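Here the structure is a predicted model, which means the values were calculated and not measured.
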Amino acid sequence: SMDDSDESSKKAAEQQTEDHQNHHDYGGFASLPTDVLISILCRSPASDHTSLRDTCKAFRTTIDSAAYKGERATSGWAEVSTYLLSGSELYDRENPNGPEDVSLSDGDVDGDATEEERANKLRWKIAEKRVEEIIDYGYSELGCMDEDYGYHDITMDIEVDGKRCGSMHLVLLPRGVYHNYPFHEAADAHSSELQMVGVRLCDSVGRLKVRSIKNAELISGEAGKGGFLHIKTVRINEAYQPMDCTNIVSEAVRSALSEPKLDGKWTLVTAISDYQVYMTKKEMEFKCKIRYGEGGNAEEKERADKRFWECALLDTLTLLRIGFKQIPETVSQKQNPYWLFALPCFLKDPIKSFEEVDQTPLIEPPDLPPDPIGVDGEILQATSDYCIAMRQILDMVRTMKLDLDKTEQNSSSDLAEMERQFAEARTSIEEGKPDTLSDERWEEIVAQVERGEEMLRAHRATIDEMVQSQRDKIRNKIDVAMPHAVEEFQKVVTALVRKGGSIRKSYAIHCCSRFRITQHIDFLIDLVPPEERAQALSSWDACGLTPLHCVVIDTPVLCDRDEYLEFVERLLGLGADTNVKSTKGVTPIGQYRLTISEKFDYNNIFGMQIGDEPAEWRPFHRKMEGLLRSYRGETDADVEAKCAVLDNDVDPNVMEQGRDVEDAWMDDNEDVDMEGDEESDNEDDEEEE
């Protein structure tokens, strides 16, 4: 009754106050249309938002709306900042309830302690445990530090108008200035993305490999050493990206890279365009459904795929706005994400407008031939299947031969030693019985020698039988299995060509080159019309590679060197062109160098030689370089690939002796037992003359 009356009076007074605020104190602002009110209020500084929200319901509703946030973002009035989370802050966020399983034991407090004393002791013990875990788990001033390689995983909060609306994750690798940091090992230990970036852009100790960044380094001289920073992810509230507005993300990334705690700690930052930055939650859910085959017709899939690349391009333009530059060397195939980099000096200029960078032409990969379809696709599939089967047979034969050689070598040395020992024993017997031995003991020794000789003969017979069995198996593979596989392949492909298939359009020659199946290459060439053969031997496949590129794209094994050389010589003899560049800008000789460089990088990461010493490789390298040499000259990408090989293959003894690194790679004093090498050099000299 009386209480109800007081409550009613209170509500009436509040309503009257609110009505007064809305319709009297602000000249009618609160009654303006929402879009007009947003346009007026969005110009107010973020520091006034709290006061404005408390002013009236209309202001509060407007400021809290997604439309208001979007207008702040698109108009440029939004105040964007980032906050680097320290290790202790990260720990508290990941463990909101503190350390687990912390309790008081009997010895922690006295038996007569009060509840307050026990509570204080428990809080102190929890705090002590927290500090221990922060240290043990590698939390640092910059976030979380790896104890093996010292790289930092950095987390930053993105704040817009004083409110947390997203996050950013980066990783910092401390390359140092003396090139002794295990860069590839650290990148590989961190993630597959960083491993891909590290191997593509730098060598095993973090030195730059790509020309575009090297040229940029000439300006500042800093990118080749010092901290390597990579942007992993950027995620932000959808409300701040209306109509794909890039303002907030641009300012957030610029703010993060200008963080005072990172000042002087990085000299090169890289990023790969990420479609997830601008895709909405609904679009992401639909994309996942399509990926797992849970819905979507052809039109919807095409629309989703188009949106996917639109978002990737938006992220690229975002980075270009703040000063990043594209890395041309990473452009190879369509629908691959863009790679970008920046140096600290790039970030000194103001952020560019979206319209300005939208007019900047991006480097795009060339148009590649389409994947074979129909009968041509059947030819490629058949060629792939039979090449894989033949490769397995060839590898099996090689392994069996190696095992056989090892068995014969080991057994020969063992048998020779045993025969020597028995020959010495037989010589002693023929010299007669020593006076110190009894007749019974002497007869026992003679019998032992005779039994041993008989066992030796049986052992030799067993080994000979085993070796012969292994030879028969090898001969069966060579004389039966391989001809049968070749015959079946030729029968299938011939039938498909008669149905209208094209060897050139199916890239069957490229496939054979990839597996180095010489048994198929001549047959396939005969099925190509004479006017198409030059194109079939030197044109791109759907990956932008020629047959010569396909041969050397696989890491060579030293015991197969003759097979590699034979196949390259066969293609060159048929008319393959060594001057055609792949999508990476390398001719076949550059592709070969890239493959060798990757092999050295792999060896350096894992401390391996894979059984081959660099000196054993050099004769093979010289021959391969001579075969693949382009008469038009090497491209910039070819030269860079050679520099990468030289950087990886420097012998300390060479440097001590003051010899030129390239001379060590192509040392004329090497003992090269390969026919035609000298003739090839003479021909090259005459051609140059």
Rounded to the nearest 0.5 Å, how far does CG of Leu594 lie from CD of Glu640? 9.5 Å
How long is the gap from CG on Leu319 to OG on Ser273, to the nearest 0.5 Å? 8.0 Å
Given the rule in the side-chain hydrogen bond (donor to acceptor under 3.5 Å, both in side chains) test, do Thr318 and Tyr278 qualify, once you have shown the distances and angles that lead to the verdict? CA-CA 10 Å; Thr318 299; Tyr278 288 96; 2.5 Å; yes
Which pair of non-hydrogen atoms, one from Phe346 and one from Ala216, has the smallest distance, and what is that distance? CZ-CB, 3.9 Å
Can you tell me if His184 uses its side chain to pair, donor with acceptor, with the backbone of Gln195 under 3.5 Å? no
May I ask you to decide if Thr635's main-chain N or O and Asp638's side chain share a donor-acceptor pair within less than 3.5 Å? yes
In Å and rounded to the nearest 0.5 Å, what is the CG to CG distance from Leu173 to Leu268? 11.0 Å
Going by an N to O cut-off under 4.0 Å, is there a salt bridge joining Arg504 and Asp376? no
Verify ring pair (Phe, Tyr, Trp, His ring centres under 6.0 Å) between Phe228 and Phe183, making sure each step is shown before the conclusion. CA-CA 9 Å; Phe228 183 101; Phe183 185 75; 5.2 Å; yes
State plainly whether the residues Lys232 and Asp274 are in salt-bridge range, i.e. N to O under 4.0 Å. no
Taking Thr595 for the side chain and Val552 for the main chain, is one N or O donor matched with an acceptor at less than 3.5 Å? yes
Please check: side-chain N/O of Ser384 versus main-chain N/O of Leu380, any donor-acceptor pairing under 3.5 Å? no
Identify the two heavy atoms, one from Leu572 and one from Leu548, that lie closest to each other, and give their separation to 0.1 Å. CD2-CD1, 4.0 Å
Quick check against the 3.5 Å criterion: does Lys401 have a side-chain atom that pairs as donor or acceptor with the backbone of Arg471? no
Taking the ring of His621 and the ring of Tyr592, is the distance between their centroids below 6.0 Å? yes
Pairwise distance CZ(Arg303) to CZ(Phe286) - rounded to 0.5 angstrom: 7.0 Å
Under 3.5 Å, side chain of Arg570 to main-chain N/O of Thr518, donor-acceptor pair present? no
Kindly compute the distance separating OG (Ser204) from NZ (Lys209), expressed to the nearest 0.5 Å. 9.0 Å
Any donor-acceptor N/O pair, Glu283 side chain to Ala304 backbone, under 3.5 Å: no
Verify whether the ring centers belonging to His520 and Tyr386 lie closer than 6.0 Å. no
N/O donor to acceptor pairs below 3.5 angstrom from side-chain atoms of residues 388-399, sequence neighbours left out:
{"from": "Arg391", "atom 1": "NE", "to": "Asp395", "atom 2": "OD1", "distance (Å)": "3.2"}
{"from": "Arg391", "atom 1": "NH1", "to": "Phe515", "atom 2": "O", "distance (Å)": "2.7"}
{"from": "Arg391", "atom 1": "NH1", "to": "Glu563", "atom 2": "OE2", "distance (Å)": "2.8"}
{"from": "Arg391", "atom 1": "NH2", "to": "Asp395", "atom 2": "OD1", "distance (Å)": "3.2"}
{"from": "Arg391", "atom 1": "NH2", "to": "Glu563", "atom 2": "OE1", "distance (Å)": "3.1"}
{"from": "Arg391", "atom 1": "NH2", "to": "Glu563", "atom 2": "OE2", "distance (Å)": "3.1"}
{"from": "Arg398", "atom 1": "NH1", "to": "Asp560", "atom 2": "OD1", "distance (Å)": "3.3"}
{"from": "Arg398", "atom 1": "NH1", "to": "Asp560", "atom 2": "OD2", "distance (Å)": "2.4"}
{"from": "Thr399", "atom 1": "OG1", "to": "Asp395", "atom 2": "O", "distance (Å)": "2.9"}

Does Ser539 offer a backbone N or O that forms a donor-acceptor pair with the side chain of His510 under 3.5 Å? yes
Would you check, one step at a time, whether the test salt bridge (Lys or Arg N to Asp or Glu O under 4.0 Å) holds for Glu625 with Arg593? CA-CA 9 Å; Glu625 291 255 342; Arg593 291 167 180 170; 2.8 Å; yes
Think Lys287 forms a cation-pi with Phe308, using NZ or CZ under 6.0 Å from the six-ring centre and within 45 degrees of its axis? yes
Show the numbers, then the answer: is there a side-chain contact (heavy atoms from CB on, under 4.5 Å) between Arg516 and Asp554? CA-CA 10 Å; Arg516 306 181 308 282; Asp554 189 26; 3.6 Å; yes
Side chain of Ser538, backbone of Gln535: donor and acceptor closer than 3.5 Å? no
Less than 4.0 Å between a side-chain N and a carboxylate O, is that true for Glu329 and Arg211? no
Salt bridge (Lys or Arg N to Asp or Glu O under 4.0 Å) pairs, two or more places apart, involving residues 491-501: Glu488-Lys491
Rounded at 0.5 Å granularity, tell me how far CG in Asn579 sits from OH in Tyr631. 4.5 Å
Any donor-acceptor pair under 3.5 Å linking the side chain of Ser191 with the backbone of Ala187? no
